[in-house]
Asks: 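Okay, handing you the structure first.
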Amino acid sequence: MTITDAREHLDDAARDWLDNVHGTGSGPTFEVLDPGTGRILAELSAATESDVNHAVEAARAAFEDGRWSERDADHREEVLLRLAQLVERDFELLVTIEALDTGKPRAEAWYDIKEVIGVLRYYAGWCTKATGTTIPAPRQYFAVTLRGPVGVCAAITPWNYPLPILMYKLAPALAFGNSFIAKPSELAPLSALHFVRLCAEAGVPDDVVTVLTGAGSTGAALAAHPGLDKIAFTGSTRTGRAIAHAAAERPTRVSLELGGKSPNIVFASADLEAAADGVALGIWTNAGQVCVAGSRLLVERSIHDRFVDLLAERTDAMVLGHSLDPEAQIGPMISAAQRTNAENVVASALDDGAVAVTGGRALAGPGFFLEPTMLTGLATDHPVSQEEIFGPVLVVDTFDTEREAVAKGNATAYGLAAGVWTGRAGQGQRMARGLSSGTVWINAYGVFHPTLPFGGTKASGYGRELGESAVEAYTEITTVVEDLSAGEGDDHD
Ligand code: ADP
């Protein structure tokens with residue numbers, strides 16, 4: 001099914017929504033494109049430095065006057081649950097907006113918005129569960145910790161999972177009483193603009209959640225603002241470094257979830273059909289534009305040819321298509337620039353002797369499509385085996401022993417995720433101990449859940465989101481110590 005103008009395929013609600021969406025800044029406008037056609041979906045105004053200043057001041061004032069930060073925890077719980085209900089009410093619209101804006105098939109966006117609901121409900125539960133402690137300091141003292149909000153938190157987020165990644169930050173921030181400023185990616189900001197409307201409808205007070213539209217310069221102005229208590233960033237390693245630098249000028253907490261070059265490691269003992277399904281899912285989901293993409297396949301040498309064939313069968317059968325095409329299994333890349341970059345990477349690999357077992361070419365016609373491309377014959381230390389491509393490109397390498405699998409698994413600058421496929425008891429757990437990786441999936445890949453802490457090691461960043469980790473990330477503790485001996489000896493009968 002060829003779609004050249006997505007608007008013709010939208011229902012009235014989605015078309016009206018797009019006709020009435022605006023940016024939140026006073027600066028020049030920028031275009032938001034449908035990656036499946038290259039056509040303009042919306043034109044939004046960008047937030048300037050003065051808009052950023054205003055947003056931070058307003059968020060600070062909201063925090064200080066206690067309109068949210070001092071509300072009872074069960075009130076915040078109720079509001080978060082209402083927000084989850086409103087996302088459910090507008091589910092179809094949000095799925096459509098997210099799919100159109102990112103280019104991913106609607107079926108993938110469906111899971112993303114489900115995940116948003118799950119994360120909101122999970123942190124709604126935490127509102128009343130995060131507690132301080134009593135501490136066995138010397139008996140003379142009564143010592144406790146109080147747990148409160150951090151203050152004004154900001155999030156700078158990418159375009160690949162716009163609303164879920166925002167929610168990993170926003171839901172716990174709101175749960176514990178913080179004010180929150182979001183700067184979504186200029187390439188896919190639309191779902192955040194709908195969500196902020198839902199916040200107001202759910203009863204989040206004014207200026208407690210603000211969305212700033214704009215590109216890198218808006219993000220840079222936000223990251224450099226002295227009035228923030230915390231910045232959570234998800235995106236490229238290069239931008240993460242710039243943000244950490246800006247924040248280092250003052251005591252702003254930073255958490256960074258950056259890139260990856262994650263290995264999917266397949267042992268000969270594995271259920272190879274299941275492993276091939278898992279490896280395909282791990283790299284072709286969202287056209288490989290996933291921080292945890294399993295973009296390096298490490299396969300035990302004895303099964304290399306057989307496994308590559310299994311994967312090639314699955315890959316060749318996949319249907320590329322527009323986000324609104326119900327048959328589509330792989331969407332386009334996010335932009336022309338991103339696709340050109342991936343094409344150049346593939347060309348350099350082929351020049352250096354790699355073989356494209358599948359794909360290798362951009363599709364002619366509208367949209368930024370690149371065929372899913374599996375490359376064999378590259379050395380482990382080749383730049384294409386080392387650097388994050390953020391596209392549908394998989395590099396295949398081999399190993400002979402468990403020890404070598406660990407060494408090659410760790411042989412990049414990154415440490416975000418890894419998959420291990422094995423039929424031998426204990427082998428996955430041994431691998432998990434050896435791999436330097438924020439997450440290790442065993443006989444599975446890409447499993448996310450609100451309960452599971454997520455984040456990276458090495459160049460993949462620091463800090464953990466989701467699960468109980470976010471309680472630490474979005475609260476501050478105050479240690480309170482009282483001397484009990486002061487009144488000792490007083491007569492109290
Ligand atoms: P990606 O390759 O995922 O687009 P980026 O790191 O460029 O990764 O973008 C992620 C987010 O960071 C986006 O919201 C983008 O606008 C923002 N951003 C880009 N450059 C900067 C910067 N110098 N300072 C702060 N934010 C930035």
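Everything quoted here is computed from the prediction, not taken from an experiment. Counting convention: from 1, in listed order, for ligands and their atoms alike. All residue numbers refer to positions in the sequence shown, counting from 1.
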Asks: Is the distance between the ring centroids of Phe180 and Trp68 under 6.0 Å?
Replies: no
Asks: Using a 4.0 Å cut-off to any heavy atom of Lys183, which atoms of ligand 1 qualify?
Replies: 13 (C), 14 (O), 15 (C), 16 (O)
Asks: Touching ligand 1 at all, Ala223? Heavy atoms, strictly under 4.0 Å?
Replies: no
Asks: How far is atom 19 (C) of ligand 1 from its nearest protein heavy atom, and which residue and atom is that?
Replies: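 Looking at atom 19 (C) of ligand 1, the protein heavy atom closest to it is Gly216 CA, 3.6 Å.
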Asks: Quick one: list whatever passes side chain to side chain donor-acceptor pair (under 3.5 Å) with Asp16, sequence neighbours left out.
Replies: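 If we apply the side chain to side chain donor-acceptor pair (under 3.5 Å) test to Asp16, skipping adjacent residues, there are no hits.
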Asks: For Ser185, take its heavy atoms, then give the atoms of ligand 1 lying under 4.0 Å from any of them.
Replies: 13 (C), 14 (O)
Asks: Counting only heavy atoms not in Arg250, do more than 12 fall under 6.0 Å of its CZ?
Replies: yes
Asks: Using a strict 4.0 Å cut-off to heavy atoms of Ala215, name the atoms of ligand 1 that fall inside it.
Replies: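 The atoms of ligand 1 under 4.0 Å from a heavy atom of Ala215 are 16 (O).
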Asks: Of all the atoms in ligand 1, which lie at a distance below 4.0 Å from a heavy atom belonging to Ile243?
Replies: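 It comes down to these atoms of ligand 1: 25 (C), 26 (N).
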Asks: Side chains of Asp397 and Thr380: do they bring a donor and an acceptor to under 3.5 Å?
Replies: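 A pair is found: one side chain offers a donor N or O, the other an acceptor, under 3.5 Å apart.
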Asks: Check each atom of ligand 1 against the heavy atoms of Gly219 and keep those under 4.0 Å away; list them by number with element.
Replies: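 Near Gly219, meaning under 4.0 Å from one of its heavy atoms, ligand 1 has 24 (N), 25 (C), 26 (N).
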Asks: So which protein heavy atom does atom 17 (C) of ligand 1 come closest to, and at what separation?
Replies: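 Looking only at protein heavy atoms, the one closest to atom 17 (C) of ligand 1 is Ile156 CG2, 3.6 Å.
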Asks: Nearest protein heavy-atom contact for atom 7 (O) of ligand 1: which residue, which atom, what distance?
Replies: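 For atom 7 (O) of ligand 1, the nearest protein heavy atom comes out as Thr239 OG1, 3.6 Å.
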Asks: Do Lys230 and Tyr474 meet the cation-pi criteria used here (NZ or CZ under 6.0 Å from the six-membered ring centre, within 45° of the axis)?
Replies: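 Yes, a cation-pi geometry.
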Asks: Around atom 1 (P) of ligand 1, find the nearest protein heavy atom and jot down its residue, atom name and distance.
Replies: Trp159 NE1, 3.6 Å
Asks: In the protein, what heavy atom is nearest to atom 10 (C) of ligand 1, and what distance, to one decimal place, separates them?
Replies: Phe233 CE1, 3.9 Å
Asks: Would you tell me which option among Cys291, Ser236, Ala337, Gly235 has the nearest heavy-atom contact to atom 2 (O) of ligand 1?
Replies: Ser236
Asks: Which ligand 1 atoms does Glu186 reach within 4.0 Å, using its non-hydrogen atoms?
Replies: 15 (C), 16 (O)
Asks: Considering only distance and modelled atom types, tabulate donor-acceptor pairs under 3.5 Å from the side chains of residues 466-473, sequence neighbours left out.
Replies:
unit_1, atom_1, unit_2, atom_2, d
Glu472, OE2, Arg147, NH2, 3.3

Asks: Assess, by modelled atom type and distance only, whether the side chains of Asp316 and Thr358 contain a donor and an acceptor separated by less than 3.5 Å.
Replies: no
Asks: Considering only protein heavy atoms, which is closest to atom 23 (N) of ligand 1, and at what distance to one decimal place?
Replies: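 Going atom by atom, the protein heavy atom closest to atom 23 (N) of ligand 1 ends up being Ala220 CB, 4.1 Å.
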Asks: Do His322 and Asp34 get their side chains close enough for a donor-acceptor pair, meaning under 3.5 Å?
Replies: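 Yes.
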Asks: Name the closest protein heavy atom to atom 14 (O) of ligand 1, giving the residue it belongs to and the distance to 0.1 Å.
Replies: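 Ranking protein heavy atoms by distance from atom 14 (O) of ligand 1, first comes Thr157 O, 2.8 Å.
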Asks: Got a sec: does the NE2 of His54 have more than 12 other heavy atoms crowding it under 6.0 Å?
Replies: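 12 or below, so no.
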Asks: Under 6.0 Å from the ring centre and within 45 degrees of the ring axis: does the NZ or CZ of Lys114 meet both conditions for the six-membered ring of Phe91?
Replies: yes
